[in-house]
Student: 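My structure is below; once you've seen it, I'll send some questions.
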Amino acid sequence: MKNSLAATSISARFAAAARTYDLESGVQMSVAENLSAFLPLSETIGSVLEIGCGTGYFTEILAKRFPPATIDALDISAPMIDSARKRIAESANICWHTADARTFCPGRQFSLIASSSALHWITPADVIMKRIAALLEPCGSVAAALMVQGTLGELFAARTRLFPQKALPVLLPAEGEILKAVEAAGLDVVKSRCETLQKTCGSTRELLRSLNRQGVTGRSDTRCALLNRTELHELIDYYDRQFCAPQGGVTVTWRVLYVTARK
């Protein structure tokens, strides 16, 4: 029941952000470009399952990298799928699915399962990794990039410092948790790398607006108390002071884990 509520919440947030996501997703686009370097050789791939295709940025990369392969692109949000269809010209090689990756049943296996900036939303990690393993062909590959603990660390620290009674729960997985889940699913980790991306945003208010337009913020199933207007203004003022960037604006940190594995 808890996982079902979480999926519904995430689906609703990203559905609301489908029209604005591409305008604010510079980090996710950079991550997708970086993940492309982790993809296997094209001649070994005949079928691809993309989990969390969003607006289709990484889907387009996959289609260009593996032109003969069939691609099943999956996302939990129907409006995100609609945006992806508009980005990519109609192709007989791409099949779109609005579904939860944990229960998706395509009736076949894939030589590659890829995901960029999405798997951290699917919990628990061991469940989705076991599902991925089941959907892989023998000797099939996984290539994924996901946000891990430390992402938006400044925002987490500010809210915990100011409003401990309303502190956000730690929702993102730890790097070790993901790697452990991959191995527990019977997959062999081929390569992993964790990197820190630090970006500058014009102000805390601008940052919060951007996160909202990405579908990252909003009501969730965590039952965490929302900040009232006064508290929100206090948070903004604190973040602006404590995490100001030398060149102006405020600092924002992202922690990204890239991992490839084989069955």
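Numbers here are sequence positions counted from 1.
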Student: For Phe66, what residues pass the ring pair (Phe, Tyr, Trp, His ring centres under 6.0 Å) criterion, not counting sequence neighbours?
Tutor: none
Student: Sequence neighbours excluded, which residues qualify as ring pair (Phe, Tyr, Trp, His ring centres under 6.0 Å) partners of Tyr238?
Tutor: none
Student: Please answer: with hydrophobic residues joined when any side-chain heavy atoms are less than 4.5 Å apart, are Leu207 and Leu232 in the same cluster?
Tutor: yes
Student: Would Thr200 and Gln247 count as a side chain to side chain donor-acceptor pair (under 3.5 Å) here? Give the steps.
Tutor: CA-CA 9 Å; Thr200 301; Gln247 66 272 36; 3.1 Å; yes
Student: Rounded to the nearest 0.5 Å, what separates atom OH in Tyr239 from atom OG1 in Thr204?
Tutor: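 Separation between the atoms: 6.0 Å.
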Student: Within the 4.5 Å heavy-atom criterion, are Leu135 and Ile113 side-chain neighbours or not?
Tutor: yes
Student: Search all heavy atoms of Ala63 against all heavy atoms of Ile94 and return the closest pair with its distance.
Tutor: CB-CD1, 4.4 Å
Student: If the condition is side chain to side chain contact (heavy atoms under 4.5 Å, CB included), which residues does Ser141 pass it with, not counting sequence neighbours?
Tutor: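 With neighbours one apart ignored, the set is Pro40, Leu112, Arg262.
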Student: Please assess Arg255 against Thr196 for the test side chain to side chain donor-acceptor pair (under 3.5 Å), listing each intermediate value before the final yes or no.
Tutor: CA-CA 5 Å; Arg255 285 282 291 169; Thr196 299; 2.8 Å; yes
Student: For the side-chain hydrogen bond (donor to acceptor under 3.5 Å, both in side chains) test, which of Gln28, Arg87, Glu33 pairs with Tyr57?
Tutor: Glu33
Student: How close do Ala73 and Ile81 get, counting heavy atoms only, and between which atoms?
Tutor: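 That closest heavy-atom pairing would be O-CD1, 4.1 Å.
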Student: Can any side-chain N or O of Arg65 pair as donor or acceptor with the backbone N or O of Ser42 at less than 3.5 Å?
Tutor: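 Pair absent, no side-chain N/O of Arg65 close to backbone of Ser42.
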Student: Atom CG in Leu35, atom CD1 in Ile61: separation rounded to 0.5 Å?
Tutor: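 CD1 of Ile61 is found 8.0 Å from CG of Leu35.
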Student: Could you tell me the separation between the OG atom of Ser36 and the CG atom of Leu62, rounded to the nearest 0.5 Å?
Tutor: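 Between atom OG of Ser36 and atom CG of Leu62 there are 9.0 Å.
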Student: Where do Ala118 and Gly52 come nearest, in terms of heavy atoms and distance?
Tutor: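 Here Ala118 and Gly52 meet closest at CB-CA, 3.8 Å.
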Student: Is the charged tip of Lys191 near the ring of Phe38: under 6.0 Å from the six-membered ring centre and within 45° of its axis?
Tutor: yes
Student: Name all residues meeting the side chain to side chain contact (heavy atoms under 4.5 Å, CB included) criterion together with Asp126; count only those two or more places apart in sequence or in a different chain, and write none if there are none.
Tutor: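 Once residues adjacent in sequence are excluded, the partners of Asp126 under the side chain to side chain contact (heavy atoms under 4.5 Å, CB included) criterion are Pro124, Ala181.
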Student: Which atom pair, heavy atoms only, marks the closest approach of Val31 to Ser116?
Tutor: CG1-OG, 3.9 Å
Student: Could you check if a side-chain atom of Trp254 sits within less than 4.5 angstrom of a side-chain atom of Gln198, using non-hydrogen atoms only?
Tutor: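 With C-beta onward as the side chain, the pair stays apart.
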Student: Hey, are Lys263 and Glu137 close enough for a salt bridge, meaning a charged N less than 4.0 Å from a carboxylate O?
Tutor: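 No, this pair does not count.
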Student: So do Val256 and Leu146 actually touch side chain to side chain, heavy atoms under 4.5 Å?
Tutor: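 Counting from C-beta outward, Leu146 and Val256 never come under 4.5 Å.
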Student: Kindly say whether Thr98 contributes a backbone atom to a donor-acceptor pair with the side chain of Asp75 at under 3.5 angstrom?
Tutor: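 Not confirmed, Asp75 side chain does not pair with Thr98 backbone.
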Student: Do you know which two heavy atoms are closest between Ala99 and Leu74, and how far apart they sit?
Tutor: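 Closest approach of Ala99 to Leu74: O-CD2, 3.4 Å.
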Student: With rounding to the nearest 0.5 angstrom, report the SG to NE2 distance, Cys105 to His97.
Tutor: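 Atom-to-atom, Cys105:SG and His97:NE2 are 11.5 Å apart.
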Student: The test is side chain to side chain contact (heavy atoms under 4.5 Å, CB included); show your working for Leu208 and Ile236 and say whether it passes.
Tutor: CA-CA 9 Å; Leu208 295 177; Ile236 290 170; 3.9 Å; yes
Student: Taking ring pair (Phe, Tyr, Trp, His ring centres under 6.0 Å) as the definition, give me every residue that meets it alongside His233, ordered by chain and number, with sequence neighbours left out.
Tutor: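 By the ring pair (Phe, Tyr, Trp, His ring centres under 6.0 Å) rule, His233 matches no residue at all.
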Student: In plain terms, say whether Arg108 and Asp72 are close enough for a salt bridge, that is, a side-chain N and a carboxylate O under 4.0 Å apart.
Tutor: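 Looking at Asp72 together with Arg108, the answer is yes, because their closest N to O distance falls below 4.0 Å.
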Student: Check whether any side-chain N or O of Arg131 sits under 3.5 Å from a backbone N or O of Thr103 as a donor-acceptor pair, and report yes or no.
Tutor: no
Student: Would Thr70 and Asn93 count as a side chain to side chain donor-acceptor pair (under 3.5 Å) if you check the C-alpha gap in whole Å, the side-chain angles of each, and the deciding distance to 0.1 Å?
Tutor: CA-CA 5 Å; Thr70 59; Asn93 285 2; over 6 Å; no
Student: Would you check if the side chain of Thr151 reaches a backbone N or O of Met147 as a donor-acceptor pair within less than 3.5 Å?
Tutor: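 A pair under 3.5 Å: no.
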Student: Would you check if the side chain of Ser30 reaches a backbone N or O of Gly26 as a donor-acceptor pair within less than 3.5 Å?
Tutor: yes
Student: Not counting sequence neighbours, which residues clear salt bridge (Lys or Arg N to Asp or Glu O under 4.0 Å) with Arg193? List them please.
Tutor: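 For Arg193 the salt bridge (Lys or Arg N to Asp or Glu O under 4.0 Å) partners, ignoring immediate neighbours, are Glu195.
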Student: How long is the span from the CG atom in Leu136 to the CG atom in Leu49, to the nearest 0.5 Å?
Tutor: 8.5 Å
Student: Can you check whether Ser47's main-chain N or O pairs, donor with acceptor, with Ser111's side chain at less than 3.5 Å?
Tutor: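 Yes, because the side chain of Ser111 sits within donor-acceptor range (under 3.5 Å) of the backbone of Ser47.
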Student: Going through the distances and angles, do Glu154 and Thr251 end up as a side chain to side chain donor-acceptor pair (under 3.5 Å)?
Tutor: CA-CA 8 Å; Glu154 298 90 349; Thr251 300; 5.7 Å; no
Student: Nearest 0.5 Å, please: how far is CG in Leu257 from CG in Leu172?
Tutor: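 If I round to the nearest 0.5 Å, the distance is 11.5 Å.
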Student: Minimum heavy-atom separation for Phe58 to Ser115, with atom names?
Tutor: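 Taking every non-hydrogen atom into account, CE2-N, 4.4 Å.
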